Number of protein chains: 2
Amino acid sequence: MGKQLVSIVDVARRAGVSVASASRVLSNASYPVSEETRSKVLQAAQELHYAPNSLARSLRAQRSNLIAVLVGDNADPYFAEITRGVEEVANDCGYLTIVCNTERKGERELHYLQMLQDYRADGVVFAGSGLNEPGHTERLNTIVQTMRERGAAIVTLAQHTLQVPAIQVDNASGARAMTRYLLELGHRRIAFIGGPSNLIAANMRLQGYMAALIEAGLDVDHTLILAGSFDREGGEQAVRNLEQLPEPQRPSAIFAANDETAFGVLRGLNSLGWRVPEDISVCGFGDLPMAQVVVPSLTTVHIGLRDLGRSGMRKLLAQLQHDDTADTELLPVQVVPRATTQTYSPPITG
Amino acid sequence: MGKQLVSIVDVARRAGVSVASASRVLSNASYPVSEETRSKVLQAAQELHYAPNSLARSLRAQRSNLIAVLVGDNADPYFAEITRGVEEVANDCGYLTIVCNTERKGERELHYLQMLQDYRADGVVFAGSGLNEPGHTERLNTIVQTMRERGAAIVTLAQHTLQVPAIQVDNASGARAMTRYLLELGHRRIAFIGGPSNLIAANMRLQGYMAALIEAGLDVDHTLILAGSFDREGGEQAVRNLEQLPEPQRPSAIFAANDETAFGVLRGLNSLGWRVPEDISVCGFGDLPMAQVVVPSLTTVHIGLRDLGRSGMRKLLAQLQHDDTADTELLPVQVVPRATTQTYSPPITG
DNA sequence: TTGTATGCGTTATCAT
DNA sequence: ATGATAACGCATACAA
């Protein structure tokens with residue numbers, strides 16, 4: 001490979017001092033060093049373009065200053081925003097951020113965790129909610145426990161099977177509030193397009209939706225609950241399925257379990273020639289940046305995603321410094337009414 | 001901190017063999033080892049839940065298996081897509097991906113590079129184009145050279161002042177092609193909303209735009225060239241400025257230097273009550289996923305961003321394996337006509 | 001085929 | 001205040 005970089009030994013030699021002294025200067029140790037020694041070391045380091053070897057440092061210190069964020073897909077704006085928040089705080093505190101795309105596959109998640117354990121990552125942020133694959137929870141728990149015993153910090157930013165410090169998005173309340181909002185607009189037949197069945201967050205939102213209906217004294221119509229996949233394709237497919245429904249059974253509003261799905265719904269409705277919100281109301285969950293960009297702008301449930309990332313990283317740091325905060329916090333969310341929803345008006349039969 | 005993890009020494013002891021033998025088994029060395037020894041080591045490792053220390057390994061091997069992607073902002077879909085592609089290939093090849101948000105600040109870029117040097121990152125992907133800050137190029141060059149001398153691989157995915165292997169998005173041709181396309185539609189007054197002046201890519205697109213006009217024998221009207229910032233706000237602001245223009249000087253088409261800007265333009269026009277594409281045509285550059293989501297869907301220049309990331313990482317690997325490929329490749333782009341552009345029709349004066 | 005010993009670059013411990 | 005040295009965990013050169 002390339003030529004060796006200068007090491008602390010080279011610096012010490014050039015400065016005419018011991019390695020120990022050089023180290024004390026270069027690592028900003030609190031240990032007393034004479035001004036003369038200090039300046040000699042600093043100058044030698046500068047002249048040689050000394051770059052401390054963080055791998056060696058980490059090995060020695062049992063502390064890597066590496067943290068990781070586990071996401072389903074970093075190109076998904078939901079995770080991208082969280083990652084941004086995590087990275088922001090991490091960088092401020094001298095940590096490097098490793099991004100891991102699990103593609104929502106248990107196998108990949110475990111694979112990554114093992115690598116992170118190997119690299120002695122100081123912490124891991126689970127950005128997405130837990131996977132419901134058979135046997136996954138157990139295996140996940142095993143490695144997470146091992147990491148924690150080693151001193152690594154873990155935090156989840158969603159409902160999770162993991163028993164670790166968490167910041168939970170209040171999915172159930174958010175979905176309930178949104179459903180109530182639609183009910184107040186006069187809608188009675190409200191379709192719900194869910195997410196992957198192995199995603200806890202998706203289930204919580206479904207629960208919230210049903211709870212609101214029941215509270216309002218309405219029956220839950222299972223023909224109005226459709227499968228989705230948290231992506232646009234799922235939304236489009238669901239619309240095609242809704243179209244198959246006989247006229248009187250069709251919904252007057254569609255609640256998509258996340259914004260991406262809602263975008264797919266909007267696209268699907270558009271190609272069907274159904275106008276939003278005149279013919280049908282639509283809403284999502286998440287409030288991605290593009291929710292405000294689409295025309296009409298999307299009514300959705302706002303989650304402060306970047307802040308969620310920031311708080312998550314801070315919680316990680318707190319664990320690392322044994323400043324143990326409350327183990328699990330709930331992140332409140334709010335309904336943001338925009339232009340894709342409007343008061344229900346009965347179809348004109350003529 | 002937490003309790004010590006088991007090391008290779010523990011494994012060796014438990015297996016009743018030397019550390020060297022254990023290492024040979026656990027690192028999959030090509031060195032011959034008897035079947036008996038191998039299985040003893042493997043079993044001991046399993047029983048102890050041995051996790052190899054990658055920091056030690058990296059220190060020893062002078063090779064970290066860490067790579068980094070330098071982006072302006074990982075929450076920007078442009079960079080998010082690239083990062084995804086990089087991470088995909090990196091992970092396939094056993095590398096961990098560090099994400100660095102430079103916020104397009106030279107200072108942050110340098111700061112990150114120093115950290116990456118400290119961690120002995122095996123490679124760095126510069127996803128964005130070079131910054132034009134005074135003195136930045138020189139300082140950047142210095143540290144990049146040091147990294148390369150060390151054996152690290154570098155690749156840029158955009159026009160860059162750095163003299164390193166690169167995959168360049170053909171910004172000039174793309175912008176020229178798009179401008180020609182608008183000209184063919186009959187537009188003559190085409191506004192151009194640029195990007196940050198210190199971004200080479202933005203300048204290349206402006207060059208392409210002007211080249212097409214000149215080729216068509218048209219004058220470049222500088223009142224139609226507006227400043228932008230590669231974000232939605234810039235697009236909205238530019239629209240407000242265009243509105244100030246007296247009627248006859250207004251453009252019939254707006255070419256935004258990137259998609260984000262175009263989204264801002266669409267939003268700005270919408271709030272002004274100008275219809276797209278009936279009253280005015282709009283197009284962007286980049287073809288982000290959401291270009292197909294907005295209504296009407298955005299005419300833009302397609303860049304295969306995820307592929308760009310993948311190719312970039314492959315180019316990095318090629319360098320690492322001294323399979324030196326062509327130093328700089330050009331990534332072709334294509335105009336994708338969608339619904340925000342249409343044939344120019346002169347305003348009806350009545 | 002196996003084992004011993006050394007070095008990768010740092011920092012902390014212990015003397016001085 | 002300074003210096004010599006062990007140890008972090010691993011992989012290799014060399015010896016057996």
Side-chain angles (χ1 to χ4, degrees), chain A residues 1-41 44-45 48-66 117-122 150-151, chain B residues 1-41 44-45 48-66 117-122 150-151:
Chain A
M1 286 296 150
K3 77 175 184 201
Q4 291 294 337
L5 278 188
V6 300
S7 80
I8 200 169
V9 182
D10 303 309
V11 175
R13 179 164 33 221
R14 170 139 190 157
V17 301
S18 72
V19 197
S21 292
S23 171
R24 294 196 258 258
V25 172
L26 296 169
S27 65
N28 291 317
S30 58
Y31 202 89
V33 177
S34 76
E35 255 328 302
E36 190 194 343
T37 303
R38 176 177 306 279
S39 67
K40 278 193 298 186
V41 170
L48 296 174
H49 296 108
Y50 169 71
N53 187 320
S54 294
L55 296 171
R57 239 177 214 184
S58 299
L59 174 61
R60 174 63 223 231
Q62 307 278 51
R63 192 159 192 300
S64 64
N65 273 38
L66 254 26
Q117 172 77 314
D118 294 351
Y119 274 90
R120 304 303 188 258
D122 290 340
R150 195 197 72 206
Chain B
M1 287 295 150
K3 79 176 183 200
Q4 291 294 337
L5 278 187
V6 300
S7 80
I8 201 170
V9 181
D10 304 308
V11 175
R13 179 164 34 222
R14 171 140 190 157
V17 302
S18 72
V19 191
S21 291
S23 170
R24 296 197 257 257
V25 172
L26 296 170
S27 63
N28 292 315
S30 57
Y31 204 89
V33 177
S34 77
E35 255 330 301
E36 190 193 342
T37 303
R38 176 178 305 279
S39 66
K40 277 194 298 188
V41 170
L48 296 176
H49 296 108
Y50 170 71
N53 187 320
S54 294
L55 296 171
R57 243 180 209 183
S58 299
L59 175 62
R60 171 66 225 237
Q62 306 278 54
R63 191 160 193 299
S64 64
N65 273 37
L66 254 27
Q117 172 77 314
D118 294 351
Y119 274 91
R120 303 303 188 258
D122 290 340
R150 194 198 74 208

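We use all heavy atoms of the structure for the numbers below, so side chains are in, but hydrogens, waters and symmetry mates are not. If you're wondering where the values come from, they're calculated on a predicted model, not measured in any experiment. Residue numbers begin at 1 in each chain, while the letters A, B, ... track the order of the sequences.
Residue B:Asn28 contributes atom CG, which lies 14 Å from atom C1' of D:dC10 at whole-angstrom precision. The separation between A:Lys40 atom NZ and D:dA1 atom P is 15 Å, rounded to whole Å. Between B:Leu5 atom CG and D:dA7 atom C1' there is a gap of 16 Å when expressed in whole angstrom units. Whole-Å rounding puts the B:Leu26 CG to D:dC10 C1' distance at 10 Å. Regarding A:Tyr119, its OH atom lies at a distance of 14 Å from the C1' atom of D:dG9, rounded to whole Å. One interatomic measurement links the two molecules: CG of A:Leu59 to C1' of D:dA6, which rounds to 13 Å at whole-angstrom precision. Summarising the geometry, the separation between CZ on A:Arg120 and P on C:dT10 is reported as 20 Å, rounded to the nearest angstrom. Across the protein-nucleic acid pair, B:Gln62 atom CD and D:dG9 atom P stand 19 Å apart, rounded to whole Å.
Looking at heavy atoms from C-beta onward, B:Val6 lies out of side-chain contact with B:His49 at the 4.5 angstrom threshold. A heavy-atom distance below 4.5 Å is not found between the side chains of B:Ser58 and B:Tyr119. Counting heavy atoms from C-beta outward, B:Asn65 and B:Ser54 have side chains that stay 4.5 Å or more apart. Side-chain contact check for B:Leu59 versus A:Asn53: some heavy-atom pair is nearer than 4.5 Å.
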(request) Would you please test B:Leu26 and B:Val41 for side chain to side chain contact (heavy atoms under 4.5 Å, CB included) and show each step? (result) CA-CA 8 Å; B:Leu26 296 170; B:Val41 170; 3.9 Å; yes

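Applying the salt bridge (Lys or Arg N to Asp or Glu O under 4.0 Å) rule to pairs touching residues 50-59 of chain A yields nothing, sequence neighbours excluded.
Remark: the backbone N or O of A:Leu66 is not paired with any side-chain donor or acceptor of A:Arg120 at under 3.5 angstrom. Remark: side-chain polar atoms of B:Asp118 are not paired, donor with acceptor, to backbone N or O of A:Ala51 under 3.5 angstrom.
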For residues 33-40 of chain B, which side-chain N or O atoms pair as donor and acceptor with protein atoms under 3.5 Å away, sequence neighbours left out?
residue : atom : partner : partner atom : Å
B:Ser34 : OG   : B:Thr37 : N            : 3.1
B:Ser34 : OG   : B:Thr37 : OG1          : 2.8
B:Ser39 : OG   : B:Glu35 : O            : 3.4
B:Ser39 : OG   : B:Glu36 : O            : 3.0

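Within the 4.0 Å cut-off from OP1 or OP2 of C:dT11, at least one side-chain nitrogen or oxygen of A:Ser23 is found.
B:Arg14 pairs by the side chain to side chain donor-acceptor pair (under 3.5 Å) definition with B:Glu47, not counting sequence neighbours.
Where the helix from C:dT1-D:dA16 to C:dT16-D:dA1 starts and where it ends, the local axes point in directions that differ by 50°; five pairs per end, rounded to 10°.
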Distances for protein N/O vs nucleotides 2-6 of chain C N/O pairs under 3.5 angstrom?
residue : atom : partner : partner atom : Å
C:dT2   : OP1  : B:Ser34 : OG           : 2.6
C:dT2   : OP1  : B:Thr37 : OG1          : 2.4
C:dT2   : OP2  : B:Ser34 : N            : 2.9
C:dT2   : OP2  : B:Ser34 : OG           : 3.4
C:dT2   : OP2  : B:Thr37 : OG1          : 3.3
C:dT2   : O4   : B:Tyr31 : OH           : 2.4
C:dG3   : OP2  : B:Ser18 : N            : 2.9
C:dG3   : OP2  : B:Ser18 : OG           : 3.0
C:dG3   : OP2  : B:Ser21 : OG           : 3.1
C:dG3   : N7   : B:Arg24 : NH2          : 2.6
C:dG3   : O6   : B:Arg24 : NH1          : 3.3
C:dG3   : O6   : B:Arg24 : NH2          : 3.4

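To the nearest 0.5 angstrom, B:Ser23 atom OG is 10.0 Å from B:Asn28 atom CG.
For the segment residues 49-58 of chain A, the set of residues with a heavy atom within less than 4.0 Å of an atom of DNA chain C comprises A:Tyr50, A:Ala51, A:Pro52, A:Asn53, A:Ala56, A:Arg57, in numerical order.
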